[in-house]
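Note sheet for the following structure.
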Number of protein chains: 2
Amino acid sequence: MKAAPLHERIRREIEARILSGTWAPGARVPGEIELMAQYGCARMTVNKALSALAHAGLVDRRRRAGTFVARPRSQSMVLEITDLAREVVARGQSYGWQMQTRRETQSELPEMPGPVLEVDGVHLADGTPLAFEHRLISTAQVPEVLTADLAATAPGTWLLGHVPWTEAENRISASAASPALARVLGIAAGDPCLTVTRRTWRGGAPVTLVHQHFIASRHELVARFGAA
Amino acid sequence: MKAAPLHERIRREIEARILSGTWAPGARVPGEIELMAQYGCARMTVNKALSALAHAGLVDRRRRAGTFVARPRSQSMVLEITDLAREVVARGQSYGWQMQTRRETQSELPEMPGPVLEVDGVHLADGTPLAFEHRLISTAQVPEVLTADLAATAPGTWLLGHVPWTEAENRISASAASPALARVLGIAAGDPCLTVTRRTWRGGAPVTLVHQHFIASRHELVARFGAA
DNA sequence: ATGGCGAATATGTATAGACAATTAAAGAGG
DNA sequence: CCTCTTTAATTGTCTATACATATTCGCCAT
């Protein structure tokens, strides 16, 4: 067995009763004093357990009123957007990156104004195209990127190892491949593509804006949440 | 101003220094004793701040070694999969649900065996089709669903208000509409669709399995993370 | 009934101290 | 130079206590 800390044990036992439905949404959870007596420990210990549950959104806590099982609201899930290179390798395929264009320019886009490095390229899995990527990187925010060898390392991979982000936004959509996109990916025009548009900021300032167009038949995004 | 608790203030100040790049990934964060002296508070207080940062993945803590700024790994984002009805209404459109078939049956699917309620239907936004949904709900896990009026309330909405989940998985992909799907959605066969397949479990037992096919031009998924 | 007001109560925050667990680093021995 | 052992630094957990803060409840006056 494992010697789980007490606050962890308390947390898990309460969690189990909530998830099993023993304590229905809206039901009252025993107060800190009560649990403290029940487990024979200090209030700080049960407080830590209950605070963790509140942070996870499993319970609502209100002063004077008490602690209650939260009613499920939205399925907020963790979507792990890992590095594409890592993801491909994890699937047992070989990863490749083919940079096509790279130029420094001045962006006029309202969502990312100023000097940018613009990079286009194709991600390959086992030598065949997987996705086309068009990316802008703010050189004002990330001047070091100008010295990076983005022909050897995909920009996403490079950024992941060098720049932390504070805010990010992903938009996921589907579209039919344009003739130009189809040519680059080696598919037929009109074939469905999964498009991911990702913007990241650091402290309010835009860092990068990327469009990735995946060949629909070769890629899907998987988001998981919960116990392993 | 706000009267932020001390541990919150400490957390935010450290967080700011990490995100601004003042403290680079791998750099050492002052130890608890040092911060304790710096802020003139008890160790539990700085511990709470640092623990929160560790929980959020911003720092790594190792006994004897110290606390270090974590190097960014994967962009793990929170993808809010809200209820479709709510989402449509939030966009200022009217929401509608049109159930098409409903039958109790025995599922042979390995990922969801046993007795299930099978529901097909179309989600409407402003009266026009937005997505087709095919759903299985385990009646062993959720017997109450048999008495729910799923013609009036979309099954997703009903489930969200009645059943908590412990584990869930989303798969997001793109595909071309089959003739049958195109007919139901009122689009042309071959038009791109965004497909979301969601499975949820409660304590290891499957609760529901749903396929949602969105008309690509009318819907995209948005995932956000970070400060408002 | 109704609306305001005070008091009881549950949570939130913080302190000071103690011991346990982990493990990097220094030192001892070969 | 390498390996094993010891040491010590640092985080992890827990206690017992105290006061702060928000909010519900009931009392009281209207």
Side-chain angles (χ1 to χ4, degrees), chain A residues 1-18 22-71 73 228, chain B residues 1-18 22-73:
Chain A
M1 285 295 176
K2 51 208 141 202
L6 182 53
H7 67 84
E8 186 70 15
R9 250 192 59 215
I10 298 176
R11 189 188 65 72
R12 280 210 291 253
E13 289 186 14
I14 295 174
E15 185 184 65
R17 275 180 279 221
I18 292 174
T22 307
W23 290 347
R28 186 196 189 85
V29 173
E32 299 191 350
I33 313 263
E34 194 173 336
L35 288 169
M36 174 178 150
Q38 193 174 316
Y39 285 94
C41 65
R43 193 165 77 90
M44 278 289 299
T45 305
V46 300
N47 182 295
K48 196 165 186 175
L50 291 173
S51 294
L53 287 170
H55 193 79
L58 263 164
V59 301
D60 287 329
R61 313 196 74 196
R62 293 198 318 281
R63 282 172 161 147
R64 160 73 218 214
T67 303
F68 303 88
V69 178
R71 45 196 74 243
R73 273 176 292 267
Chain B
M1 284 295 173
K2 51 212 139 194
L6 182 52
H7 67 84
E8 187 69 15
R9 251 192 57 215
I10 298 176
R11 189 187 65 73
R12 279 210 292 253
E13 288 185 14
I14 295 174
E15 185 184 64
R17 275 179 280 222
I18 291 174
T22 308
W23 291 347
R28 186 199 190 82
V29 174
E32 298 190 350
I33 313 263
E34 194 173 337
L35 287 169
M36 175 178 151
Q38 193 174 315
Y39 284 95
C41 65
R43 193 164 78 89
M44 277 290 299
T45 306
V46 300
N47 182 297
K48 197 165 185 176
L50 290 174
S51 294
L53 288 171
H55 193 79
L58 263 164
V59 300
D60 287 329
R61 313 196 73 195
R62 294 199 317 282
R63 281 169 157 143
R64 161 74 219 219
T67 302
F68 303 88
V69 178
R71 44 196 75 245
R73 277 175 293 267

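Proteins come first, then strands; the chains are lettered A, B, ... in the order of their sequence lines, and each starts at number 1.
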Identify which nucleotide among [options] has an atom closest to any side-chain atom of [X], counting heavy atoms from C-beta outward.
X	options	value
B:Pro5	C:dT13, C:dT23, C:dG12	C:dT13
A:Arg28	C:dT15, D:dG12, C:dA10	C:dA10
B:Ala42	C:dT15, C:dA24, C:dT13	C:dT15
B:Arg43	D:dT15, D:dT11, C:dT11	D:dT11
A:Met44	C:dA14, D:dT24, C:dA24	C:dA14

Rounded distance [0.5 Å steps], [atom1] in [X] versus [atom2] in [Y]:
X	Y	atom1	atom2	answer
B:Thr45	B:Arg9	OG1	CZ	11.5 Å
B:Arg61	B:Leu53	CZ	CG	9.0 Å
B:Ser51	B:Glu32	OG	CD	7.0 Å

Sugar-phosphate, base or nothing in reach of A:Leu6, heavy atoms under 4.0 Å: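 A:Leu6: backbone/sugar contact only, no base atoms under 4.0 Å.
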
Sugar-phosphate only, base, or nothing, as touched by B:Arg9 at under 4.0 Å among non-hydrogen atoms: nothing

Using whole Å, what does the distance between atom [atom2] of nucleotide [N] and atom [atom1] of [X] come to?
X	N	atom1	atom2	result
A:Lys48	C:dG12	NZ	C1'	15 Å
B:Leu50	D:dT10	CG	P	13 Å
A:His7	D:dT11	NE2	C1'	12 Å
B:Met36	C:dA18	CE	C1'	13 Å
B:Asn47	C:dA18	CG	P	18 Å
A:Tyr39	D:dA16	OH	P	18 Å
B:Glu32	C:dT22	CD	C1'	14 Å
A:Asp60	D:dT23	CG	P	13 Å

Contact nearer the 5' end of DNA chain D, comparing B:Pro30 with A:Arg62: B:Pro30

Residue whose closest nucleotide on DNA chain D lies nearer the 5' end, A:Gly40 versus A:Ala65: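 On the 5' side of the pair lies A:Gly40.
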
Do the side chains of [Y] and [X] get nearer than 4.5 Å, heavy atoms only?
X	Y	value
A:Arg11	A:His7	no
B:Leu58	B:Ile14	no
B:Leu35	B:Gln38	yes

N/O donor-acceptor pair, side chain B:Arg64 with base D:dA8, under 3.5 angstrom: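 Side chain to base: pair found, below 3.5 Å.
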
Under-3.5 Å donor-acceptor pair between A:Arg63 side chain and C:dT11 base: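 Pair found.
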
Contact under 4.0 Å: A:Thr67 side-chain N or O vs C:dT11 OP1/OP2: yes

side-chain N/O A:Thr45 vs D:dT15 OP1/OP2, d < 4.0 Å: yes

